[in-house]
Colleague: 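The structure's right below; bear with me while I get my questions together.
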Amino acid sequence: MKSLPRDPNAFLSERLPELLPEGGLALLFDVAREADGAGWAVYLEGGTVRDWLRGIPSHEIDVSVVGDAPTLASEASAGGGAEGGGQHE
């Protein structure tokens, strides 16, 4: 089993750009800024985290939103390319 890095935040800031699909980091930051401005939280999850743990590039960005996910998906899509996937309550 792979051990977690001593400082996960430092590890992510160094490795995240190479683990996300092209343009993914900019999109993730756009979504995070939009969510933060509305007072919502956004968490990476699903295949993105699975691929990070395996140390391989991800071909998707899965996020969970604590807030108004449909509104965030619409605003992110309008900004350039995000797809609003499944919605879970």
Side-chain angles (χ1 to χ4, degrees):
M1 177 178 224
K2 194 181 215 177
S3 64
L4 292 175
R6 197 170 283 247
D7 182 355
N9 290 328
F11 177 80
L12 277 176
S13 65
E14 293 170 9
R15 295 283 318 276
L16 201 54
E18 67 192 55
L19 295 175
L20 293 176
E22 185 175 334
L25 188 62
L27 177 61
L28 183 60
F29 282 147
D30 288 346
V31 168
R33 269 192 295 276
E34 197 72 44
D36 187 55
W40 305 327
V42 177
Y43 300 94
L44 283 173
E45 67 173 18
T48 307
V49 174
R50 175 204 60 223
D51 294 343
W52 168 69
L53 290 171
R54 293 174 61 201
I56 62 173
S58 185
H59 301 288
E60 59 192 343
I61 301 174
D62 298 325
V63 296
S64 178
V65 179
V66 179
D68 188 348
T71 297
L72 183 59
S74 294
E75 291 173 4
S77 293
E83 290 181 26
Q87 178 181 337
H88 305 284
E89 297 294 324

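Hydrogens, waters and symmetry mates are skipped; everything else that's a heavy atom, side chains included, is used.
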Colleague: Do Val49 and Val63 belong to the same hydrophobic cluster, where Ile, Leu, Val, Met, Phe, Trp and Tyr are linked whenever their side-chain heavy atoms lie under 4.5 Å apart, directly or via other members?
Modeller: yes
Colleague: Test side-chain contact (heavy atoms from CB on, under 4.5 Å) on Leu44 and Leu28; report intermediate values, then the result.
Modeller: CA-CA 9 Å; Leu44 283 173; Leu28 183 60; 4.0 Å; yes
Colleague: Quick check: closest heavy atoms across Leu27 and Ile61, and the distance to 0.1 Å?
Modeller: CD2-CD1, 4.5 Å
Colleague: Using 4.0 Å as the upper bound for N to carboxylate O, is an ion pair formed by Asp36 and Arg33?
Modeller: no
Colleague: Looking only at atom types and distance, does a side-chain atom of Thr48 sit under 3.5 Å from a main-chain N or O of Asp62, one as donor and one as acceptor?
Modeller: yes
Colleague: Donor-acceptor pair, Ser58 side chain versus Pro21 backbone, under 3.5 Å?
Modeller: no
Colleague: Output a table of donor-acceptor pairs, distance under 3.5 Å, between side-chain atoms of residues 66-73 and any protein atom two or more places apart or on a different chain; print 'none' if there are none.
Modeller:
unit_1, atom_1, unit_2, atom_2, d
Asp68, OD1, Thr71, N, 3.3
Asp68, OD1, Thr71, OG1, 3.2
Asp68, OD2, Thr71, OG1, 2.6

Colleague: Can you name the side chain to side chain donor-acceptor pair (under 3.5 Å) partners of Glu18, sequence neighbours left out?
Modeller: Arg15
